[in-house]
2 protein chains.
Amino acid sequence: MAHIPAAERRDALVQAALRVVAEGGVGAATTRAIAAEAGMPLASFHYVFDSRDDLMAHLVTFVVGQEEAAILPEPIVGSDLQEVISAGLWRYADLLRADPLREQAMLELTHYALRSADMADLARRQYEHYFSLAASALTSAATHLGLVWDRPVDEVARILVALTDGMTISWLVDRDDAALSDIISFAAESVARFARTPERAHRDEDDVTRTT
Amino acid sequence: MAHIPAAERRDALVQAALRVVAEGGVGAATTRAIAAEAGMPLASFHYVFDSRDDLMAHLVTFVVGQEEAAILPEPIVGSDLQEVISAGLWRYADLLRADPLREQAMLELTHYALRSADMADLARRQYEHYFSLAASALTSAATHLGLVWDRPVDEVARILVALTDGMTISWLVDRDDAALSDIISFAAESVARFARTPERAHRDEDDVTRTT
DNA sequence: GTCTATAAAATGATAGAC
DNA sequence: GTCTATCATTTTATAGAC
């Protein structure tokens with residue numbers, strides 16, 4: 001058959017692997033299934049990847065970049081912080097509802113990565129990336145509205161990511177759109193309370209930042 | 001060897017399977033690995049279970065009951081609702097830190113169940129069970145303190161479960177105890193705001209009780 | 001470089017001796 | 001009822017023809 005650059009084959013196989021994982025879970029991602037999904041003979045798989053684990057590591061790395069591209073097409077603007085956060089969460093929620101299997105695959109890949117000594121670090125980086133994305137969105141939103149965060153923005157970002165993961169699992173399990181809406185409302189309202197106008201000096205009447 | 005009642009073998013295999021999943025993930029839960037962990041020959045596996053899927057279904061059912069026993073040993077009392085919720089979440093967090101692989105296994109089993117047409121319903125029941133446990137804890141806490149929930153307690157329970165799942169994943173990924181503490185503080189404070197004293201008549205300025 | 005054919009290992013499931 | 005030995009399939013990985 002035609003000659004295809006190795007880099008191109010690698011990309012095609014990684015993307016095929018994501019589709020296979022989305023369709024049938026990590027367990028369904030056999031070398032044969034992936035090669036077939038990519039329309040290649042099995043041997044092409046091992047020509048560009050050392051092993052199945054090699055590809056899986058590349059897959060985890062790949063999906064992190066994908067998530068960024070999907071979630072941050074452009075910054076959200078609005079006049080109310082709660083509204084802005086809500087809109088951002090809804091954008092993710094729409095993504096989730098449009099392609100549930102993909103988000104399910106993302107979570108499964110995180111768990112898969114955590115099981116391997118080598119890939120566990122990839123999972124950590126994946127989440128650091130999420131935190132960073134959330135923090136940057138929160139910072140930009142607050143700045144735009146002339147607000148400052150009451151707590152370190154990294155901390156607020158973490159909470160937002162946790163809420164997102166939680167609502168994702170919840171919705172994946174029962175597909176309850178009303179409940180999804182409830183969680184988004186709660187998250188937006190609760191997280192927005194961490195921002196204040198900078199005019200008002202920071203009160204440290206309740207310094208509950210750390211109880212460890 | 002000695003005769004062992006079938007029911008006993010089934011229990012032993014299910015518990016062995018949970019240990020294997022905790023140790024190496026769902027992918028590591030082969031029939032051989034499970035039988036070996038239970039100290040039985042492979043044939044005993046198929047003597048009491050029709051197939052691997054048969055056991056996995058029983059495993060998912062089993063872990064739901066386990067989670068209940070672990071989380072609800074006795075109701076938590078206190079003088080402040082936020083404190084009570086925080087204490088409840090800390091009890092779960094301690095469980096998580098004491099046996100991280102077990103909670104990781106729980107999440108993986110949920111994803112595994114969602115992949116199978118038959119078991120997807122088990123996952124739904126699993127979460128309905130979680131919601132119900134959370135709702136009952138929230139009701140009892142509020143009642144104890146003479147408070148009523150501003151929103152349907154089922155809705156608040158869902159949010160609490162989502163927060164729990166989110167903080168679990170977050171901690172499993174980076175094992176950051178300080179971040180865990182932050183999320184618990186946030187959750188307790190934010191969720192507690194949904195409760196009010198019943199003396200004050202229910203205002204229906206924002207009647208958002210049900211959007212189903 | 002590409003692909004068919006096959007080796008090597010792992011896995012689900014069972015037969016049949018005891 | 002229990003367990004060893006084995007089958008049948010699947011899967012990872014590679015050899016070797018083109």
Side-chain angles (χ1 to χ4, degrees), chain A residues 1-60 105 108-109 112-113 115-119, chain B residues 1-60 105 108-109 112-113 115-119:
Chain A
M1 254 229 182
H3 171 80
I4 299 175
E8 206 168 311
R9 276 189 192 276
R10 291 170 74 89
D11 287 353
L13 282 167
V14 167
Q15 286 168 36
L18 180 53
R19 290 195 297 274
V20 171
V21 172
E23 195 59 34
V26 173
T30 65
T31 54
R32 273 179 175 74
I34 295 167
E37 173 71 28
M40 295 180 197
L42 176 57
S44 293
F45 184 104
H46 288 286
Y47 182 72
V48 290
F49 287 110
D50 288 345
S51 65
R52 179 178 177 274
D53 274 355
D54 186 21
L55 173 135
M56 293 301 279
H58 281 83
L59 175 55
V60 171
E108 285 177 44
L109 283 172
Y112 178 80
R115 290 294 180 183
S116 145
D118 302 349
M119 297 178 62
Chain B
M1 255 227 183
H3 172 83
I4 299 174
E8 206 168 312
R9 277 190 189 276
R10 293 170 73 88
D11 288 353
L13 282 168
V14 166
Q15 286 167 37
L18 179 54
R19 290 194 298 274
V20 171
V21 172
E23 195 59 35
V26 173
T30 65
T31 54
R32 273 178 176 76
I34 295 167
E37 173 70 29
M40 295 180 196
L42 177 58
S44 293
F45 184 102
H46 288 287
Y47 182 73
V48 289
F49 286 109
D50 288 346
S51 66
R52 180 177 175 275
D53 274 354
D54 186 20
L55 172 136
M56 293 301 279
H58 279 84
L59 174 55
V60 171
E108 286 178 43
L109 284 172
Y112 178 80
R115 290 293 181 185
S116 144
D118 301 349
M119 296 177 64

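Quick caveat, the model's predicted, so the values are computed rather than measured. Chain naming here is simple, since letters A, B, ... match the order of the sequence lines and numbering starts at 1 in each.
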Minimum-distance nucleotide (side-chain atoms of B/H46 versus C/dA13, C/dT2, D/dG1): C/dA13
Tell me whether the OP1 or OP2 atom of D/dG1 has a side-chain N or O from B/R9 closer than 4.0 Å. no
Go through the steps for B/M40 and B/I34 under the test side-chain contact (heavy atoms from CB on, under 4.5 Å), then give the verdict. CA-CA 9 Å; B/M40 295 180 196; B/I34 295 167; over 6 Å; no
Compare the minimum distances between each of C/dT4, D/dT4, C/dG12 and the side chain of A/P41, then state the nucleotide with the smallest one. C/dT4
Within this structure, what is the CZ-to-C1' distance between B/R10 and D/dG1, rounded to whole angstrom? 16 Å
Calculate the interatomic distance between A/L42 atom CG and C/dG1 atom P; express it in whole Å. 20 Å
Donor-acceptor under 3.5 Å (A/R52 side chain, A/A29 main chain): yes
Report yes if a side-chain nitrogen or oxygen of A/R52 is closer than 4.0 Å to either non-bridging phosphate oxygen (OP1 or OP2) of C/dA10; otherwise report no. no
Quick one: is C/dT2 close enough that its OP1 or OP2 comes under 4.0 Å of any side-chain N or O from A/S44? no
Over how many whole Å does the gap from B/D50 atom CG to C/dT14 atom C1' extend? 13 Å
Under 4.0 Å between a side-chain N/O of B/R32 and OP1 or OP2 of C/dA9, yes or no? no
Whole-Å distance between C/dT14 C1' and B/F49 CZ? 18 Å
note: A/L55, atom CG; D/dT11, atom P; distance rounded to Å ~ 16 Å
B/F45 CZ - C/dA13 C1' separation (whole Å): 10 Å
For the student: nearest non-hydrogen atoms of B/M119 and B/A57, plus distance: CE-CA, 3.7 Å
Sidechain-backbone polar pair: B/H58 side chain, B/D54 backbone, donor-acceptor under 3.5 Å: yes
To the side chain of A/S51, which of D/dC3, D/dA13, C/dA13 is closest? D/dA13
Roughly how many Å is it from CD1 in B/I34 to C1' in C/dA13, rounded to a whole number? 14 Å
For the side chain of A/A43, counting heavy atoms from C-beta on, which of C/dC3, D/dT2, C/dT11 is nearest? C/dC3
Mind calculating the distance between NE2 (B/H3) and P (D/dT2) to the nearest angstrom? 5 Å
Rounded to the nearest 0.5 Å, what separates atom CG in A/L13 from atom CG in A/L55? 6.5 Å
